[in-house]
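A short write-up of the structure that comes next.
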Amino acid sequence: MKVKKYSLLGSVIMSSVLILGACGDKEEVSEAPDKETAQSEFGFQSFDLDIDTADQKDAVDASFDIDVSETEAEYTNQTESKKLSGDEAYAELEPIFKELALTKDMSKEEVIEKVTKAFGVEDYKEFELEIEFSDGDTQEFSDIK
């Protein structure tokens, strides 16, 4: 009986450790702006970018999303050897987002030009961007050279 008791207790402890370990979200931004601030400063609440170059797939991958309960950010720029998440990613992305000043009435060409310049990858092979603007309108921009 003692053996079953200890093996059950061990199983419960191991399960608890695994569950609690999975709860941490490394992409979560702890010092995130509130939704209204981000929308007024950036003009959007969600940004998902993927740029491939001739030399590298996923040369730039950036994502930022404000939800009701949390804000997440990830930024990978292989041309600059950066792979950031959470607060570090947000700190890197915030000045870029402020500089972009994207609006939903911009043309595809204008958006692509501004984004590729801001992220330093003007010579791309494939460009994909999905933005959810402040009013909830979602737009996708893509281009293949």
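It should be emphasised that the depicted structure is a prediction, and the values quoted were computed from it without experimental measurement.
Judged by distance alone, the side chain of Ser134 and the main-chain N or O of Gly43 form a donor-acceptor pair under 3.5 Å.
Here the NZ atom belonging to Lys57 is positioned 6.5 Å from the CD atom belonging to Glu126, to the nearest 0.5 angstrom. Here the straight-line distance linking atom CD of Glu140 with atom CD1 of Ile131 works out to 10.5 Å at 0.5 Å rounding. Atoms OG1 and CD1, on Thr71 and Ile66 in that order, are 4.5 Å from each other to the nearest 0.5 Å. Rounding to the nearest 0.5 Å places CG of Asp123 at 11.0 Å from CD1 of Ile51. One distance of note links NZ of Lys125 with CD of Gln56; it measures 12.0 Å at 0.5 Å rounding.
Side-chain polar atoms of Thr103 and Asp105 form a donor-acceptor pair below 3.5 angstrom.
Qualifying side chain to side chain contact (heavy atoms under 4.5 Å, CB included) partners for Asp137, counting only residues two or more places apart in sequence or in other chains: Lys104, Asp135, Gln139. Taking Ser142 as the reference, Glu128 meet the side chain to side chain contact (heavy atoms under 4.5 Å, CB included) condition, with sequence neighbours excluded. Under the ring-ring contact (aromatic ring centres under 6.0 Å, His included) criterion, Phe141 pairs with no residue at all, not counting sequence neighbours. Scored by the side chain to side chain contact (heavy atoms under 4.5 Å, CB included) test, Asp65 finds Ser46, Asp67 as partners (sequence neighbours excluded).
Applying the ring pair (Phe, Tyr, Trp, His ring centres under 6.0 Å) rule to pairs touching residues 98-124 yields Tyr75-Phe119, Tyr124-Phe127, sequence neighbours excluded. Among pairs with a residue in residues 106-120, none fulfils side-chain hydrogen bond (donor to acceptor under 3.5 Å, both in side chains), at least two apart in sequence or across chains.
Heavy atoms only, all atoms of each residue included: Phe64 and Ala73 are closest at CD1-CB, 4.3 Å. Ile96 and Glu92 make their closest contact through CD1-O, 3.6 Å (heavy atoms, listed as atom of the first residue, atom of the second, distance). Across every non-hydrogen atom of Leu129 and Val115, the tightest pair is CD2-CG2, 3.9 Å.
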Please determine whether side chain to side chain contact (heavy atoms under 4.5 Å, CB included) holds for the pair Phe47 and Leu93, giving the CA-CA distance in whole Å, both sets of side-chain angles, and the decisive distance to 0.1 Å.
CA-CA 10 Å; Phe47 182 95; Leu93 292 170; 5.9 Å; no
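Put simply, the residue from Asp58, Ile144, Val121 that forms a side chain to side chain contact (heavy atoms under 4.5 Å, CB included) with Asp52 is Asp58.
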